[in-house]
Amino acid sequence: MFKDAMKIERLLEGLQKNKDWKPFPGIEERDRWKAVAEDPDLEIPVEAIIAVADTLLDEQVDPLTGTMYMNFMTNGDRVFYEENYFRRRYELSHLVIAECLTAKGTYLPKIIDYLWEILGEISWCVPAHNFAGQHDMVMFKQANPWKEDDPLPVPGDDYLDLFACETAATLAETCYLLKHSLLETVPSLYHRIHGEIDRRTLQLLEGPKLYGWYLGRNNWTAWCAHNLLLAACYTVEDERRLVSLALKLMVPMQRFFDTIEPSGACIEGPGYWVVSAGRLAGFVSLVEDRFGIDLKVRENEKFRHFGEHILPLNIGGDLFVNFADGSLKLDLDQGLLSRYAGLIGSEQLASLVSDDIDRLAARKRANPGRARGRNDYARQFLVHLTRLLFWTPENRNAAPRTCEKSVWLADMQMMIARSDERPGTGLMLGAIAGSNDPEVNHHSHNDVGHFSVYLDGEPMIIDLGQGAYSRSTFTETRYDMWHISSKGHNVPSINGQLQYAGEGAAARDVIYERDGTSSILSLDASPAYFKTPGAVRIQREIIFSHETAEIQINDDISLREDLRAFELPLHVSDREIAVQEDGSCLIAGEKRTLVVTPDNLRIKGVEPVEITDPRHLEVWGSRVFRILFEADDLARASFGLKIKVQ
């Protein structure tokens, strides 16, 4: 991907040819901003951005105090600090675009206040990423030399994390867009911002310190590298220095691209794919547009597969099949992903992004004010808003999407099956074989053999997915959390044994078949229950009939000891559940009903599960339900569920 671009002379030559590089119009280019404001395809997003900016004119910038920063180390909470931190950048971004759209000076005083406050932050690195050993990506960082559990950052030793890089890009793009206004009114602030970007990020990148994302293992690499290269392209005037920075960033980006499977699968889950794919597209665009190098991405099969990976995972609307640390509801990085669609010529991806634009903007327009617990802030920083306005119109007329009825994502061992090719219509299944090894996926849950069921776009039998991150999320206690443990997934406990996490805890003998009108996934989950499974088998077979819209779950157990207990939970979203006299249960959808009929199982109970996690509350509401099945005849050691639409 980037290997051929790593040539100093080519990069320098490209810079010379692109001296007038202007990715977006500055505020002084009124004709172009007027065209955006009057574009009918952008009417709702433009109104939403201005509505948010208007609500801020009489608001104070959220505080960020030392004791708020200390929370992460003192009590494990990262939300309290991060929410104000993210909202500052979200609100600044909307103010900047609103000022560019109107150019009346209405928002400029408020913009100056936000810039001043962000420059005044002791650290741009969020607490969860600024302490050695507290996060799996905070590698190569030395512990505090004075007190290991000191809850404040060490002077001069900030980590170059996701959000320090994001802050640099946000401020650099602010200065680029508002250069005319800032130099006319507060030139000292403009130049101070450039100096702080250099000191807090670019000089760190050039220094001897190592950062975990250099290894190219996950979304951190693409996220950090794109933001840093963007900040450099905006602020670095020395061409040789800019080339040096670009070369340094291409190395981890090549490593990242090398880790992507040939199928394009993203084992971190759809939410992390959104970041990885969007930032990869942004980085590619910078290399091509700023440095004049054709990376020939349309000819790159893996690049295409990675860009279209998300398509079969869409349930309908903003809902996506979630597993591990994935969330059911996703806001897309619309501008960056629209550029990806253009780079590979994908009508399907363009259509998915186009559908998302007005939906998200309408939600924001209806509720532009501040709200606690919102998880969409990072998706709408300035990097996203600018590209939403200038990169998405070219893809707004894409053809309607269709979905393959059976998809096998081999690299992540996931089967997606549908009764209807139209998103949001009919019965849909997501099932995973997978692995519980955090070395395979540091976002993993104990979910080997888990499945979820959707009806007409509604989540029925569910995976809770990603909870709010805390200090304990990425420690050895991670798998004690119920939504990460196998007891929070639709997999059995056997003789009271739950699945474990670690090396070797993975499905074996995994087979996917598309047999005429059926899709079948079979696996042996025993290595996820027993560290030395040997001849033990916990065989699960999941069959989806495309013709009859039915799902069959079969579990066959063979142990070296007597089978004393078999329990199978089904986690169901908050809806009416009725148990019938024949032992089946009805799960009510908005229009139709799922019927779950057990074989050699009986319902032990249907219980509400109170939701307290803030991220889960946002997605699922205040409760979900657990239907617990237990064995009827243990001697048979074979159990099943049939799921169909009534």
Nearest-0.5 Å distance, CD of residue Glu288 to CG of residue Leu295: 4.5 Å

Short side-chain donor-acceptor distance under 3.5 Å, Gln466 and Asn322: no

Separation between SG of Cys165 and CG of Leu230, rounded to the nearest 0.5 Å: 11.5 Å

Atom of Ser263, atom of His305 and distance for their closest heavy-atom approach: O-CB, 3.2 Å

salt_bridge(Asp318, Lys329) N-O dist < 4.0 Å: no

Side-chain H-bond candidate by donor/acceptor type, Trp273 with Glu268, under 3.5 Å: no

Residue pairs fulfilling ring-ring contact (aromatic ring centres under 6.0 Å, His included) with at least one residue in residues 234-268, sequence neighbours excluded: Trp21-Tyr234, Tyr176-Tyr234

Qualifying residues under side-chain hydrogen bond (donor to acceptor under 3.5 Å, both in side chains), relative to Glu206, sequence neighbours excluded: Arg241

Heavy-atom closest contact (Glu82 atom, Ala128 atom, distance): OE2-CB, 4.1 Å

Salt-bridge present (Lys296, Asp294; N to O < 4.0 Å): yes

Main-chain N/O of Lys405 paired with Glu421 side-chain donor or acceptor, under 3.5 Å: no

Lys/Arg-Asp/Glu bridge criterion (N-O < 4.0 Å) met for Arg199, Glu196: yes

Working for side-chain contact (heavy atoms from CB on, under 4.5 Å), residues Val274 and Arg379: CA-CA 10 Å; Val274 168; Arg379 291 276 189 266; 3.8 Å; yes

Exercise: do His445 and Asp325 side chains pair donor with acceptor under 3.5 Å: yes

Between Ser406 and Ser519: side-chain donor-acceptor atoms closer than 3.5 Å: yes

Gln203 atom CD, neighbour heavy-atom count above 12 within 6.0 Å: yes

Residue pair Val297 / Met1, side-chain heavy-atom distance below 4.5 Å: yes

Between Thr386 and Glu173, a side-chain donor and acceptor under 3.5 Å: yes

Side-chain H-bond candidate by donor/acceptor type, Arg401 with Asn314, under 3.5 Å: yes

Donor-acceptor side-chain pairing of Tyr85 and Thr167 below 3.5 angstrom: yes

Short side-chain donor-acceptor distance under 3.5 Å, Asp158 and Ser123: yes

Aromatic contact, Tyr90 with Tyr377 (centres under 6.0 Å): yes

Backbone of Tyr272 reached by a side-chain donor or acceptor of Ser276 within 3.5 Å: yes

Trp213 ring center within less than 6.0 Å of His129 ring center: no

Interatomic spacing from OG in Ser338 to CZ in Phe390 - rounded to 0.5 Å: 13.5 Å

Asp509, CG: over 12 other non-hydrogen atoms inside 6.0 angstrom: yes

Electrostatic pair Arg78:Glu83 at N-O distance under 4.0 angstrom: no

Atom pair CG (Leu171) and OG (Ser93), whose distance is rounded to the nearest 0.5 Å: 9.0 Å

For Arg339, the option from Leu336, Leu337, Leu343 that meets side chain to side chain contact (heavy atoms under 4.5 Å, CB included): Leu343

Neighbour count >12 (heavy atoms, 6.0 Å) for atom CD, Glu9: yes

Side-chain ion pair, Arg10 and Asp4, N-O less than 4.0 Å: no

Ser346 versus Glu308, side-chain donor and acceptor atoms under 3.5 Å: yes

Chi angles and distances behind the side-chain hydrogen bond (donor to acceptor under 3.5 Å, both in side chains) call for Asn227, Arg279: CA-CA 8 Å; Asn227 276 315; Arg279 297 305 183 150; 3.1 Å; yes

Point-to-point distance, once rounded to the nearest 0.5 Å, from CD1 of Ile197 to OG1 of Thr170: 9.5 Å

Neighbour count above 12 (heavy atom, 6.0 Å) for Arg508 CZ: yes

Main-chain N/O of Asn18 paired with Arg290 side-chain donor or acceptor, under 3.5 Å: yes

Donor-acceptor contact present, side-chain His616 to main-chain Gly465, <3.5 Å: yes

Asp161 side chain to Ala164 backbone, donor-acceptor under 3.5 Å: yes

Nearest non-hydrogen partners of Asp411 and Ala265, listed with the distance: CB-CB, 4.0 Å

Expected output: side-chain Asp198 to main-chain His194 donor-acceptor under 3.5 Å: no

Closest contact, heavy atoms only, Leu160 versus Cys224: O-SG, 4.4 Å

Aromatic contact, Phe131 with Tyr159 (centres under 6.0 Å): no

Validation row, ring centre Tyr214 to ring centre Tyr211 under 6.0 Å: yes

Lys/Arg-Asp/Glu bridge criterion (N-O < 4.0 Å) met for Lys19, Glu239: yes

Main-chain N/O of Glu261 paired with Lys302 side-chain donor or acceptor, under 3.5 Å: no

Test item: side-chain donor near acceptor, Tyr479 and Ser444, under 3.5 Å: yes

Charged N-O contact under 4.0 Å between Asp356 and Arg359: yes

Flag if over 12 foreign heavy atoms under 6.0 Å of CD, Glu503: no

Smallest separation among heavy atoms of Val321 and Met428, with atom names: CG2-CE, 3.5 Å

Exercise: identify the closest heavy-atom pair between Leu11 and Ile293: CD2-CD1, 3.3 Å

